[in-house]
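Since the structure comes first, as structure tokens, the remarks are kept for the end.
We count ligands from 1, going down the list as the structure has it; atoms in each ligand are counted the same way. All values below were derived from every heavy atom in this structure, side-chain atoms included, with hydrogens, water molecules and symmetry-related copies excluded.
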Amino acid sequence: MICDNLTRILNTIAQTARNAGRNPKKIKLVAVSKWMDIKQIQQAIDCGQILFGENYLQEASGKIQHFPRTINWHFTGHLQSNKAKQAAELFDVVETVDRLSVAQALDKHAKLLKKELSVLVQVNTGREKQKSGILPEETEHLLRLIAKETNLRILGLMTLPPFFSDPEKSRPYFKELKNLAELLAAQDLFTDNNNVELSMGMSGDYPVAIQEGATIVRVGTALFGARDSKEALL
Ligand SMILES: *Cc1c(COP(=O)(O)O)cnc(C)c1O
């Protein structure tokens, strides 16, 4: 089941990329495994998946320790500075940095761990009050501060647009993130300005995100099936 889903998703990613004139190898699938148990994650690993995303630190720490170091983990949940130590320990990439204080806290703990930590800056393209992320017009300033004050590797930008059942409605937000990233890359604000990562697109809209330039898509439900509260048990 998970293998079939994974094959289908990887085929869709490859096909969509080719149709858009893009190299499918430039697109990474983050398997968002929040609420999924170790068995389900292991199934995905057995089918060849090595990159996973988790949203909740406590849940993630109970799971990540079961897997070998060769498995890569992205943090995709909301992060507070007082949880930065755990996030720096557990994750290879934190996708949700949206304040200097969080970046500084991650940097401090990454240094103590002698670990090279990579981040994405989360942009609130939908300008939703309840949502994390920095506003598009404030992103440049934040990137300058993170580059000046920390040794974090700033890989690119991430966004979580408002939810629509029609994936076409997400397209303008993806376009906006891509345009913003190009503007900022032209000012050398990322660690590698020729390879800026754009994390955008989930189960319902990842093909649209790929058409608009996503290099990372974060897919949960389409891979593992629906999340219900029973599955939260480890
Ligand atoms: C849960 C989550 C996803 C995956 O969502 P699906 O619709 O299940 O694919 C992706 N990104 C973030 C930030 C999430 O919290």
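- At the top of the distance list for atom 13 (C) of ligand 1, counting protein heavy atoms only, stands Thr76 O, 3.4 Å.
- Protein heavy atom nearest atom 9 (O) of ligand 1, with residue, atom name and distance: Ser203 OG, 2.5 Å.
- For ligand 1, the polar-atom distance check finds no N/O of Met158 at less than 3.5 Å from any of the ligand's N/O atoms.
- Listed by number with element, the atoms of ligand 1 under 4.0 angstrom from any heavy atom of Val219 are 9 (O).
- Here the protein heavy atom with the shortest distance to atom 3 (C) of ligand 1 is Met202 SD, 3.6 Å.
- Within the structure, ligand 1 has Arg227 among the residues with a heavy atom less than 4.0 angstrom away.
- Nearest protein heavy-atom neighbour of atom 11 (N) of ligand 1: Arg218 NE, 2.8 Å.
- Residues Thr76 and Asn55 have side chains that bring a donor and an acceptor to within less than 3.5 angstrom of each other.
- Val123 has its side chain out of reach of Met158: every pair of non-hydrogen atoms, C-beta onward, lies at least 4.5 Å apart.
- Scanning all protein heavy atoms for the shortest distance to atom 8 (O) of ligand 1 gives Thr221 OG1, 2.5 Å.
- Residue contacts with ligand 1 for Asn55 involve side-chain atoms from C-beta outward but no N, CA, C or O (heavy atoms, distance under 4.0 Å).
- With a 4.5 Å cut-off on side-chain heavy atoms, His109 and Glu89 do not count as touching.
- With a 4.0 Å heavy-atom cut-off, ligand 1 is reached by the side chain of Lys34 but not by its N, CA, C or O.
- To the nearest 0.5 Å, atom OH of residue Tyr206 and atom CD of residue Gln211 are 12.0 Å apart.
- Between Gln122 and Thr96, the side chains place no donor N or O within less than 3.5 Å of an acceptor N or O (distance only, hydrogens not considered).
- Taking the six-membered ring for Trp and thresholds of 30 and 60 degrees, Phe164 and Tyr173 have nearly parallel ring planes, at less than 30 degrees apart.
- With His74 as the partner, the side chain to side chain donor-acceptor pair (under 3.5 Å) test is satisfied by one option alone out of Glu95, Arg218, Lys28: Glu95.
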